[in-house]
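Notes for the one structure printed next.
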Amino acid sequence: MSIVTNETFQRDIDALRSVIEVEPILVIDVETNGLEPYKNNQICGIGVGQTDYLGLTQYYPFRHHQGENLSSDKLTLLIDLLNKSVKSYVGYNLKFDLHFLDREGLDVLSKELIDVIVMVRLMEHSDTKDLALTPTGKRNYGEGAIQYDIDTKKVLRSNKWNKDFSMAPPTVLGEYCKKDVILTARLYLDYLKKIIKTKQGRVFELERQLTKVLYKMEKQGISIDTDYAQQIEKLITNRLSEVEQEIYKLSGKEFNVSSPAQIGEVFSGIGIESPVKTPKGQDSWSEAALVNINHRLAGLIRQYRTLEKLLSTYIEPYMGTEVMHTSFCNWGTSTGRLSSRSPNLQNIPRNHFNLKERSLSEDEKNEIRSKISATVSTKGMSLNQDLSDDVLKTWSFVGDESYDSTNINQVSIRRLFIPRKNYSLVGFDYSQMEVRVFMSYFRNKTIDEILNKGDVDFHSEAAKLAFGVDESSERFKEYRQAAKAITFGTIYGIGNNKLSQQLNTTPKEAGKYKKQYFEGMKGSKDFFDEVVRTVAIRGWIKNRYGRKYRINPDFAYKGVNYLVQGTSADLLSERMLKVDNYLEDKKSNILLQVHDEIICEVHDSELNEIPPNIQNLLQENSLGIPLEVDVEVCNPSWATKVPFELSIEEDKIDWTIDWS
DNA sequence: CCTGACTCA
DNA sequence: CATTTGAGTCAGG
């Protein structure tokens, strides 16, 4: 009997105390009334267990809407015991549970945190997407091991308790929670062995420490300018209905502009078919298709989609939110990158948007034409006709990174993100990180010369090496573009077909460019071939941090991408531990990570000292790759970036020096 | 190539 | 009828 009641509490907590005394490591899982610890959700009960899953498991119910809850003084007693005696917590997606427990007074930061889902990621096949507890249990131990989950979910649903688990009685939810604890413990022990056996101890240690750093970032959150959110919500809604009305007018009827099927009907009504097909052969109404339709309706639909997306993804979730807390997953990707959820703060638009259509000068039209062809070529499309003025005009809503806060017709999503009082947001951005890591895999004299040039344009250097041209050549820009496409194509593992689309040439021609590139970029071909050969033979490779990738030999080319992206990711994770350690006794904090950059809040009193030190910490690395980090101050918001400069305090200036 | 959020069907 | 699922689209790297 280990659904704890008021009557058995003393005996149960004594039993718990004695197992912690023997081994101060505890598996933990909380049940809650929702998924948002920083909004109104709370725990309704706490499950604990030994890592030996045949040992003790208990469920302490506190806030169920039916059945027997423990009195609140008992919650205090339990938390006190944990704070005093436990050294390590083990959990499945552990940060989630800890955010809730933190609010109940649990000491998190002085403990060792072990997230089993992170361990599972290190061992699973790279193609495995669903790492949730029950699918993982099923993969490892079969259907029987997770039957309890299926059964309980059925009960919860039939009673309509599935939206809010605290509606269920402790007898139902407690048993369920205990079984989750047991399954977590079993996975922990098994995966610990697997990680040791595959010699991934180092990368696991990195991930284990990273878990706490991410936890701190999530808890800190980032401040939102709620006034600005309200302001642009209104502006965008108004603009959206203007656009909507014009779409209805042009198409002669009202319809759901979000529905591709209905867009198809409207276009066929005015005798237009899409120049692009979906993989299934239907008419596509994607951006790449709409761009090629010389009709104002196409431009307005693009605009409508963008405005809708802004509202639903980037504005509504922020309304009335003073501080936004994301969740970083260090188990979400097959390469080892982080991902960010609810909300995703790693895909906030960089560019601003213009809400007012204006007539364009010839210069502006040409600017837009080149913007369109750039957009189109990166998506592998070609532009097959010139657009008339009324269509071109619909493009005036596309902005760039130069947000102007005084222009009331511009809106920027990054403008929502502001520093706390007495802080500045400072961005630290690796320049060409993945290219540098790629080159580091086949370092030789030629490559080292490029890597050590400092702030260099890699694509130009690659063009020079591969095609024997220099800046004086008339066609240098084309060659540079080709080199850039091949570098990224190789890193991403695209084929000649897709490469030829990006280069706007035939696959055969693309193959020729690629051959030239590999010959000029000494060592790159050997590296590429070696990766493909290894994956094809034995089905796995390891990156520079020892992270193992199990890859389907039919897609062996993916290996290069995994190595480059994964090594970059692990390198940044490793540096984040150093930065976190450095900031421990400071007022400043890391807030976000966006794959090749971190964003920190730096206290005014530390603004001269900290940015250069973080820059140095990020540039150092155990792989000896020459890395360049740009430091930019984001003031007054994330929308505006200015290169960092030391601010000189007047009393430190030596006025006796004659600068003339 | 690697993601996550939203919408429709 | 409510809920889940896959595809399509688009934001970031």
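A, B, ... follow the sequence lines: proteins, then strands. Residue 1 opens every chain.
OP1 and OP2 of dC1(B) both lie 4.0 Å or more from every side-chain N or O belonging to Y562(A). For S284(A), a side-chain nitrogen or oxygen approaches OP1 or OP2 of dT9(C) to under 4.0 Å. Contact annotation: S258(A) side-chain N/O to dA9(B) OP1/OP2 distance is not under 4.0 Å. One finds a side-chain N or O of R305(A) lying less than 4.0 angstrom from the OP1 or OP2 phosphate oxygen of dC10(C). For T313(A) and dA11(C), the shortest distance from a side-chain N or O to OP1 or OP2 is not below 4.0 Å. Contact annotation: T335(A) does not reach the phosphate of dC1(B) (side-chain N/O to OP1 or OP2, under 4.0 Å).
Summarising the geometry, the separation between CZ on F397(A) and P on dC10(C) is reported as 10 Å, rounded to the nearest angstrom. Regarding L290(A), its CG atom lies at a distance of 7 Å from the P atom of dC10(C), rounded to whole Å. Atom CD of Q432(A) and atom C1' of dG13(C) are 13 Å apart (whole Å). What separates NZ of K558(A) from P of dC1(B) is a distance of 7 Å, to the nearest Å. Rounded to an integer number of Å, the gap from L345(A) CG to dG13(C) P is 13 Å. Distance NZ (K160(A)) to C1' (dC1(C)): 10 Å, rounded to an integer number of Å. Protein atom CG of N256(A) is 8 Å distant from nucleotide atom C1' of dC8(B), rounded to whole Å. Regarding D127(A), its CG atom lies at a distance of 12 Å from the P atom of dC1(B), rounded to whole Å.
Nearer to the 5' terminus of DNA chain B, by closest-nucleotide assignment, is the contact made by C329(A) (compared with the other of A261(A) and C329(A)). Take the nearest nucleotide of DNA chain B for Q262(A) and for R341(A): the residue whose nucleotide is more 5' is R341(A).
In this structure, K514(A) forms no cation-pi arrangement with Y517(A), as its terminal cationic atom is not both closer than 6.0 Å to the ring centre and no more than 45° off the ring axis. In this structure, R302(A) satisfies the cation-pi test against W395(A), with its NZ or CZ atom closer than 6.0 Å to the six-membered ring centre and inside 45 degrees of the ring normal.
The two residues S568(A) and M433(A) make their nearest non-hydrogen contact at O-CE, 3.5 Å. Counting all heavy atoms, side chain and backbone alike, L617(A) lies closest to V579(A) at CD1-CA, 4.1 Å. Smallest separation of non-hydrogen atoms from S402(A) and H352(A): O-CE1, 3.4 Å.
With values rounded to the nearest 0.5 angstrom, T306(A) atom OG1 is found 3.5 Å from F397(A) atom CZ.
If you check every strand for non-hydrogen atoms under 4.0 Å, I413(A) touches nothing. R337(A) comes within 4.0 angstrom of a nucleotide base, judged by non-hydrogen atoms across all strands. Nucleic acid contact class of F488(A) (heavy atoms, under 4.0 Å, all strands): none. Using a 4.0 Å heavy-atom distance criterion, Q565(A) is classed as a base contact. Within 4.0 Å (heavy atoms only), N344(A) reaches sugar-phosphate atoms of the nucleic acid but no base atom.
Comparing dC1(B), dG13(C), dT7(B) against the side chain of Y557(A) picks out dC1(B) as the nearest. For N347(A), taking side-chain heavy atoms from C-beta onward, the closest of the listed nucleotides dA11(C), dA9(B), dC6(B) is dA11(C). Nearest nucleotide to the side chain of T306(A), out of dA11(C), dC2(B), dC8(B): dA11(C). When the nucleotides dG12(C), dC10(C), dT7(B) are ranked by their closest atom to the side chain of H595(A), dG12(C) comes out on top. The side chain of Y314(A) lies closest to dA11(C), out of dT7(B), dA5(B), dA11(C). Taking the side chain of P349(A) as heavy atoms from C-beta on, and the options dA9(B), dC2(B), dA11(C), the nearest nucleotide is dA11(C).
Residue K309(A) places a side-chain atom within donor-acceptor reach of the base of dC10(C), judged by atom type and a 3.5 Å distance cut-off alone.
Between Y441(A) and F527(A), the ring planes are parallel. Angles under 30° get that label, and only those over 60° would be called perpendicular.
Not a single ring pair (Phe, Tyr, Trp, His ring centres under 6.0 Å) links Y314(A) to another residue, sequence neighbours left out.
In this structure, the side chains of Q346(A) and F328(A) come closer than 4.5 Å at one or more pairs of heavy atoms.
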Taking N or O atoms only and anything under 3.5 Å, show me the protein contacts with nucleotides 3-6 of chain C, one pair per line.
none

